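Note that this is a predicted model, so its numbers are computed, not measured. Indexing begins at 1, ligand by ligand and atom by atom, following the structure's order.
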Amino acid sequence: MRFTVAIDGPAAAGKGTIARAVAAHFGFAHLDTGLLYRAVGMKGGDPVAAARALAEADLSRPDLRSHAASDAASRVAAIPEVRTALVEFQRDFARQEGGAVLDGRDIGTVICPAAEAKLFVTARPEIRARRRWLEAGGDASPESLDEILAQVNARDARDTNRPDAPLRPAEDAVTLDTSDLSIDDAVVRAIEIVKARIDPR
Ligand code: CDP
């Protein structure tokens, strides 16, 4: 069976956790496409050459979750040739036998416009910044909540305003606002949305 779940949305909306849980629930493979852009951003040198030469090992660098990697990712992600170099890998992953979940910014709009299920996972910026801050240790975090909010807003603005594959919901995506949901409730809701597309009776 081939079945693609496309999950898009802004930074720290809960896409990754939801995508992993949906994949585990249905037994689908999962690809966090942000890792591709993070790896290209952290490789240094010419980003287009880095994207064309991207290898499996680049995706297991330990520093890909750092703020430096998020920032570098959203910069290289605005370069059309970088995005083009990563399209085929993502499409092959999406159409593999057994089903696939991909999370990112342009999965439902550009990479897999024919995906069987599309979710746009979002939350208010203050809530998303607070989640990132808590993940980084809360009061023990090296950055204040305000600094993290500014970073989240800057990255959202860059992702939303770039001309090539900007962040926006696909017309046929179901929006899931996780601002006032626990992660468990958000996961249950996401699974229901996907289930309705697998078995629309
Ligand atoms: O986890 P978080 O939402 O903070 O970031 P991510 O999904 O790892 O993505 C990091 C950056 O890569 C984003 O800010 C985007 O600029 C870029 N990206 C993209 O352009 N297209 C994707 N499909 C995935 C990520």
request  = Report the distance from atom CG of L86 to atom CZ of R52, rounding to the nearest 0.5 Å.
outcome  =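 Here the rounded value is 10.5 Å.
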
key: Distance in Å, R38 CZ paired with L59 CG, rounded so as to fall on 0.5 Å steps   =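 These two atoms lie 12.0 Å from each other.
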
Hydrophobic cluster of L167, others only, ordered by chain and residue number, side-chain cut-off 4.5 Å =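 Noted: L167 shares its cluster with F120.
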
Hydrophobic cluster partners of V152 (side-chain heavy atoms under 4.5 Å) =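 Listed partners: W133, L134, L145, I148.
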
Report every pair formed by an N or O atom of ligand 1 and a protein N or O atom separated by less than 3.5 Å, giving atom names and the distance to 0.1 Å.
unit_1	atom_1	unit_2	atom_2	d
ligand 1	1 (O)	R132	NH2	3.4
ligand 1	3 (O)	K15	NZ	3.0
ligand 1	3 (O)	R105	NH2	3.1
ligand 1	4 (O)	R38	NH2	3.4
ligand 1	4 (O)	R132	NH1	2.7
ligand 1	4 (O)	R132	NH2	3.4
ligand 1	4 (O)	R155	NH1	3.4
ligand 1	4 (O)	R155	NH2	2.7
ligand 1	5 (O)	R38	NH2	3.0
ligand 1	5 (O)	R155	NH1	3.4
ligand 1	7 (O)	R105	NH1	3.0
ligand 1	8 (O)	R38	NE	2.6
ligand 1	8 (O)	R38	NH2	3.1
ligand 1	14 (O)	R105	NH2	3.4
ligand 1	14 (O)	R155	NH1	2.8
ligand 1	14 (O)	D159	OD2	2.7
ligand 1	16 (O)	D159	OD1	2.5
ligand 1	16 (O)	D159	OD2	3.4
ligand 1	20 (O)	R83	NH1	2.8
ligand 1	20 (O)	R83	NH2	3.4
ligand 1	20 (O)	R162	NH1	2.9
ligand 1	20 (O)	R162	NH2	3.0
ligand 1	21 (N)	R83	NH2	3.0
ligand 1	23 (N)	T33	OG1	2.9
ligand 1	23 (N)	R105	N	3.2
ligand 1	23 (N)	D106	OD1	3.1

query = How would you list, by chain and number, every residue that makes a side-chain contact (heavy atoms from CB on, under 4.5 Å) with R2, sequence neighbours excluded?
reply =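 Expected list: R95, E97.
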
inquiry  = Determine whether a donor-acceptor pair (N or O, by modelled atom type, separation under 3.5 Å) exists between the side chain of R75 and the backbone of G41.
reply    =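 Here the side-chain-to-backbone pair does not exist.
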
